[in-house]
Amino acid sequence: MAKMEAKTSLLDNMIGVGDMVLLEPLNEDTFINNLKKRFDHNEIYTYIGSVVISLNPYRSLPIYSPEKVEEYRNRNFYELSPHIFALSDEAYRSLRDQDKDQCILITGESGAGKTEASKLVMSYVAAVCGKGAEVNQVKEQLLQSNPVLEAFGNAKTVKNDNSSRFGKYMDIEFDFKGDPLGGVISNYLLEKSRVVKQPRGERNFHIFYQILSGGSEDLLCKLKLERDFSRYNYLGLDSARVNGVDDAANFRTVRNAMQIVGFMDHETQSVFEVVAAVLKLGNIEFKPESRVNGLDESKIKDKNELKEICELTGIDQSVLERAFSFRTVEAKQEKVSTTLNVAQAYYARDALAKNLYSRLFSWLVTRINESIKAQTKVRKKVMGVLDIYGFEIFEENSFEQFIINYCNEKLQQIFIELTLKEEQEEYIREGIEWTHIEYFNNAIICDLIENNQTGILAMLDEECLRPGTVTDDTFLEKLNQICATHQHFESRMSKCSRFLNDTSLPHCCFRIQHYAGKVMYQVEGFVDKNNDLLYRDLSQAMWKANHSLIKDLFPEGNPAKINLKRPPTAGSQFKASVATLMKNLQTKNPNYIRCIKPNDKKAAHIFNDALVCHQVRYLGLLENVRVRRAGYAFRQPYEPCLERYKMLCKQTWPHWGGPARDGVEVLFNDLEIPEEEYSFGRSKIFIRNPRTLFKLEDLRKQRLEDLATLIQKIYRGWKCRTHFLLMKKSQIVIASWYRRYAQQKKYQKIKSSAIIVQSYIRGWKARKLLRELKHQKRCNKAVTTIAAYWHGTQVRREYRKFFRANAGRKISEFILQKIIQKYFLEMKNKMPSLSPVDKNWPARPYLFLDSTHNELKRIFHLWRCKKYRDQFTDQQKLVYEEKLEASELFKDKKALYPASVGQPFQGAYLEISKNPKYKKLKDAVDEKIIIAEVVNKINRANGKATSRIFLLTNSNVLLADQKSGNIKSEVPLGDVTKVSMSSQNDGFFAVHLKEGSGAAGKGDFLFSSDHLIEMATKLYRTTLTQTKQKLNIEISDEFLVQFRQDKVCVKFIQGNQRNGNVPTCKRKNNRLLEVAVP
Ligand SMILES: Nc1ncnc2c1ncn2[C@@H]1O[C@H](COP(=O)(O)OP(=O)(O)O)[C@@H](O)[C@H]1O
Ligand SMILES: [Mg+2]
C-alpha cells in the first residue's frame, strides 16, 4: 500500500478531474468549473464512470490522429486520459471478445457535436478492426455513406451549420473475428418542410447549393439549371453562402462518395434530375382566373418552367398541368373532380416538392443499404450507432420540433432506464447496502406525448381522421380539454390554475415542459403535416413519368394498385419507428456519449456557463455522478476480477483452488485495501472509488512487468541452455564423425603401402623363378641340338655313298619343276583380252612347252567364246543360230554370201499389222509371220519382174498383190521340194514345187530378192522344224525349172555393164531363160 501511495494514478496528472466521480466537493459549480477548466485546456472529454461527456470545441483538435488511435487501441478504459476513442475501443472489444452486441447512444442539443462524434466512433472502429482488401472496401463504403446522407439530409440552421435534419441509426455488422461485414442504416423522419420554406437565417438542404456551385456547366445544362441561387424560390436568400463551407468542393466529395458506395452513373444522374425537378417546381407560379360560376380557378403563369420540368422528368406536360388545376376525389365508386384555387395549387405544388424530396431521401438510404449490406448469412455481431437530431428550441417551433423533441425524450428515458434505474436495481439485486438517489424520471412526459388514448399524438391522429371541418384550432381545443390537467402541459386555456395568468403564451400555442426545458409549439400546420397529404392526381402524374426513379418513388400512383385507405399519419409512423428503435437499443449493451454545447455562437474557446449549466441540469449529469458515487464506481464478477488481479498476491498466484469470491477476499486483504472501499455482492465485487481501481491497475502493471521479466529470464535461461546442449551434442557428433574419417584415411594408406611392398617382393620372386626356368630350358635345348648334330654327322658319314648316285636326276627334276612353275605364273600375267576375235597370244618361252602352249591357247579361246555366248539373250541366240545356219549353207558357195553377213536378219520387213492397207491380208493369215517382204516375181513368159508380197508362215508360203494385199497363191511348206540359185552375186532363186500338188499348176516360182540369203535360210529352217526334212538347196549356174508343161533352163552368164549393177533376166526361147549378172 505504501508503494501505491507513492505512485500517482494517471488521473492524478489531469487537468481538473478526468472522472467526475472523483470530484470533491460535488455540486453544480464544481461540476461546471471542472468542465470549464478542462475545456480551456483543450480537454473536451470527461467521464462519469463509463459515460463520456463531450464538449464541442468548434475547431479541429489534434487528438484524432492515427497515432492517437494506436495509443488507445487495446488499452483499459481508465488507463489513458478520457477520450471518445477509449469508449469506442471498450465497445468494440467487448463486442469482439465477449460477444455482446453494442450500441453507442449519442445525445445532446442540436450542434453539440453528435454527428461528429458518431463519425469519430465509426472511423476509430474502422481503423482498429480487421484489414484486407475486402474488409477495406466494406469499411470505405460504410464511411462514405456519411457524406452522401449529409449532403441530402443536413442543412444549415441557426444552431448548427451542418445540422442533421433526419434521424439516423446505423448497425455495423461484424463477423466472429471482429471484421466488418456490412451495415444497415435506418432513417427517421426527414424534416421535409425545409424543402419549400426555411426559417430566417437558415438554408435548404446542402445538395441544392452544392449542385448549383459545384456542378459543371455541362451538368447544369443537362439539368436545365442556372448557377444563380436567386433564380430559385425554394432557396432562401439571406444565407445562401455559409462561412467556412465550400459547396463546390463538397459536391465533388459527394459525387466521389456516391461512386465509392456503388451508385451507377445513371443512378447518380437520375438523383440529380429529381433534385433539379424539385428546385424548379418552386418556380412554378399560379394566377387566379375567374370562371363563370364565380369561383376562382388557378392557372400557371409561365409555362416555360413546367415545360422544362416535364422534359427533365419525362412527364407529359398536359398531365402535370391538369394535376395542378384539378383534384379528383374518389369515394367508393364515385369520382368527383374539382378545380383548385390559387392557394390550393400552391399547396399541391409544395406537397409535391416535399414528397419528391423526402421519398428520394428514403430511396437513397435504401440504395446505400443495398450496397453496404453484409454478403454472408453467418451470425453477426452488431454495433449500433445512433445519431439522432438533438433537442431543439427555436423561436417558432412546429410539428417537426415536436417530433424531434419527443424522440429526445425517449432517448433520455432509455438513458434513465439503463443507467440510473438499472444501476440502483443492480445494488438491490446484489444485496448491497444502498441509499436511494432521487432523479427526475421523464416517463411522465413520454406518456403525455405517446399515450395511446390521451397522448398528444393520438389526439392529433383522431383529429385528422375525424369527419367534418378540421383545423389546427380544433386540435388545440381538444388538447386543452384532455391535457389541461397535465403537469407538463400548458396553454392559455389549460385548466391548471398556475398558468391561467400566463400571458406570455399566445393563443394558438401550447407549451410542453420537456426534460430539457420548456418549449412552446405553434399549432399551425400540425394537422396538415401529420396528414402529409399529396393529391392523388399528383402521385398518378408522377407514376406516369417516363423516368424510372420517379416512377419508383410513387408506387401508389399506379391506378392498378389504388388504395382508398388512408396512409398512416406522419406522427403515428414516427411513434412506431421510435418504439422499434427503443426495443432494439434495449437488447444491446449501451455506451453513452453526452454532447454538450459550450456556446450558442458556434465559436471556439467560448464557454457559456449558463448554457452549459442548463444542459448539465436537464441531462441529469449530476444525478448520474451521485448515483455513481453513492454506489460503486466499478464492479466486476468475481471470476474475471480474480483472473485479472491474481498475480498481486502469493496465495492466488498462479492458481487459486477455492471459490473465486474467497480468492478475491484473500487478495484484497493481502493488498491491505481499506474495507470501506469495497463490498461483496452476490456475484460481483463492488469497488467504491475509481482511485482504488486505478491503484490496482497500476500495481498490476508493475507486477506484469516483473512477471514479464521473470518469464523473460527463465525463457532466456532455457533458451541458452537448450542452445548449449544442442551445441554440445553437435560437437560430439562432429568429433566422432571426424575421428572415424581420419582412421579410415590412415588405414587405407597403410593398406595400399602393404600391397605395394607385397607386389615388389612377389615380382622379384617371380623373376628369379623365371630366370631359373629359362636357363633350364636352354640347357635342355642345347643338349638336343648337340645330339642332333652328332647324329647327323653319324648318319651322313654312313650314307654319303648313296647320295652321290641319284643327285643329277633329282636336280634336273627340281629345275624342271621350277621352270614350269615359273611359266604358269608368268602366263597368268600375260593373258590376252577376252574378245573372241582377239588373235594375240604370248610367245612360247621354251620349245619343250610348245604343245602345252597351243593347248592352253585353244582352251582359253573356247572358254572365252563360251563366256561371250553366255552373254546372249534368247533373241540374239536365235539370230546367231540363223546366221550360223546361213554360213553352213552358203559360205564359200555363193558369191552373195559375204555381203549378207553384216546384214541383220529382220524377217518381217513389211509391217503388215501396222498398215491398214493390208488388214485383209493380216486377217487371212492367223499364224506367226516369219518373213514378210516384197520380192520380184519373174514372169514365166517373158522374164519381166512384178512386185509381190512374200509371206512365210510356220506352215505356208504366201504370195500377195503388193497394192491390194489380195492373196495370189498359197503353197504349204510340204509342197516345196527344192530351192535353186546361182553361185554368183545375184538375188535370183527358184522355188520348186512338188509335182502334182495343188499349187504346182502354173509351175515353179522364180523370184529375185535383196535378202536372198536370209530368205533361203529361214525357208530351210522352217521347213526343217515343220516337216523334219532338210530342204534341198541347189547352188548352180544352170538349173531347170518347171513352167506349166515346160522344163526351162535358167542360165546365169557374165553380162555386160549396160544395165548398171542390176542383173537382168530375159526369156530367150522356150527352153532357156538367161540371167545376166554384172
Ligand atoms: N470533436 C469535434 N472537433 C471539432 N469540431 C467539432 C467536433 N464536434 C463538433 N464539431 C463542430 O461542431 C459542428 C456541429 O457538430 P454536429 O456533430 O453536426 O452537431 P449535431 O449533430 O449534434 O447537431 C460541426 O460541424 C463541427 O464544426
Ligand atoms: Mg447532427
Side-chain angles (χ1 to χ4, degrees), residues 35 38-39 42-46 52-65 68-69 72 81-88 104-124 145-170 185 187-191 194 202-203 205-206 242-247 249-250 253 361 385-394 400-401 404-405 407-408 411 516 592-608 611-612 615 619:
L35 281 184
R38 288 177 64 75
F39 180 77
N42 297 335
E43 289 285 352
I44 59 167
Y45 297 112
T46 310
V52 175
I53 303 172
S54 156
L55 278 145
N56 187 348
Y58 281 121
R59 73 202 155 96
S60 69
L61 294 175
I63 53 171
Y64 308 112
S65 60
K68 275 279 170 193
V69 170
Y72 279 86
S81 61
H83 200 292
I84 191 166
F85 286 173
L87 176 124
S88 315
I104 315 267
L105 299 179
I106 309 169
T107 57
E109 288 189 16
S110 178
K114 296 181 297 298
T115 305
E116 292 298 322
S118 78
K119 288 192 272 189
L120 286 169
V121 171
M122 278 171 70
S123 61
Y124 178 82
S145 65
N146 278 329
V148 181
L149 290 180
E150 285 192 8
F152 287 86
N154 287 21
K156 178 205 147 107
T157 65
V158 283
K159 310 245 173 191
N160 182 353
D161 288 348
N162 181 32
S163 179
S164 319
R165 306 317 297 164
F166 66 107
K168 179 181 146 198
Y169 173 72
M170 180 166 189
I185 298 173
N187 66 319
Y188 298 96
L189 204 74
L190 180 77
E191 183 202 47
R194 184 168 297 272
E202 302 198 354
R203 289 209 312 182
F205 292 100
H206 294 325
V242 183
N243 276 347
V245 175
D246 182 351
D247 285 318
N250 287 346
T253 313
F361 187 73
V385 181
L386 180 70
D387 166 30
I388 209 138
Y389 16 53
F391 193 81
E392 270 177 4
I393 311 174
F394 291 121
E400 287 83 6
Q401 278 67 45
I404 289 171
N405 292 342
C407 179
N408 280 279
L411 277 180
Y592 285 99
I593 301 169
R594 316 227 74 186
C595 298
I596 291 180
K597 206 172 156 169
N599 61 67
D600 261 338
K601 304 194 173 71
K602 306 175 191 170
H605 303 296
I606 298 176
F607 188 93
N608 182 334
L611 188 69
V612 174
Q615 292 171 70
L619 286 174

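All figures in this text were calculated on a predicted structure; none of them were measured in a lab. Counting starts at 1 for both ligands and their atoms, in listed order. Values reported hereafter were calculated over all heavy atoms of this structure, with side chains retained and with hydrogens, waters and symmetry mates removed.
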Does A112, backbone or side chain, put an N or O under 3.5 Å from an N or O of ligand 1?
yes
Does ligand 1 have a heavy atom under 4.0 Å from the side chain of R59, from its backbone, from both, or from neither?
backbone
Closest to atom 15 (O) of ligand 1 among G244, G113, C595, S163 (heavy-atom distance):
G113
Of all the non-hydrogen atoms in the protein, which one sits nearest to atom 3 (N) of ligand 1, and at what distance?
P57 CG, 3.4 Å
Under a 3.5 Å threshold, yes or no: a donor from one side chain and an acceptor from the other, between Y169 and S118?
no
Between I593 and I53, does the side-chain contact (heavy atoms from CB on, under 4.5 Å) criterion hold? Intermediate values first, please.
CA-CA 6 Å; I593 301 169; I53 303 172; over 6 Å; no
Distance under 4.0 Å to a non-hydrogen atom of Y58: what atoms of ligand 1 satisfy this?
12 (O)
I'd like to know if the Mg ion (ligand 2) has an N/O/S atom from S110 within less than 2.8 Å of it, counting both backbone and side-chain atoms.
no
For N162, atoms of ligand 1 separated by under 4.0 Å from a heavy atom
18 (O)
State whether a side-chain donor-acceptor pair under 3.5 Å links N599 with H605.
no
Report yes if some N/O of A117 lies less than 3.5 Å from some N/O of ligand 1; otherwise report no.
no
Hey, what's the ring geometry for Y72 with F85, parallel, tilted or perpendicular (30° and 60° as the breaks)?
perpendicular
Just let me know how Y64 lines up against ligand 1, side chain, backbone, both or neither, with a heavy-atom cut-off below 4.0 Å.
side chain
Would you say N162 and E150 are linked by a side-chain donor-acceptor pair, where the criterion is simply a distance under 3.5 Å?
yes
Between L61, N56, I388, which one has a non-hydrogen atom sitting closest to atom 9 (C) of ligand 1?
N56
Using a 4.0 Å cutoff against the non-hydrogen atoms of E109, which atoms of ligand 1 qualify?
22 (O)
Of E116, E392, K114, K159, the one whose closest heavy atom lies nearest atom 26 (C) of ligand 1 is E116
Ligand-side contact atoms (ligand 1) for residue partner S110, heavy atom cut-off under 4.0 Å
23 (O)
May I ask you to identify the nearest protein heavy atom to atom 23 (O) of ligand 1, giving residue, atom name and distance to one decimal place in Å?
G111 N, 2.7 Å
Give a yes-or-no answer on whether the side chains of R203 and N154 include a donor-acceptor pair shorter than 3.5 Å.
no
Test D161 against H206 for side-chain contact (heavy atoms from CB on, under 4.5 Å), laying out the working first.
CA-CA 10 Å; D161 288 348; H206 294 325; over 6 Å; no
Between the side chains of K168 and N146, is a donor N or O closer than 3.5 angstrom to an acceptor N or O?
yes
Counting backbone and side-chain atoms alike, is an N, O or S atom of S164 positioned under 2.8 Å from the Mg ion (ligand 2)?
yes
Out of T115, I106, T157, N160, whose heavy atom is nearest to atom 14 (C) of ligand 1?
N160
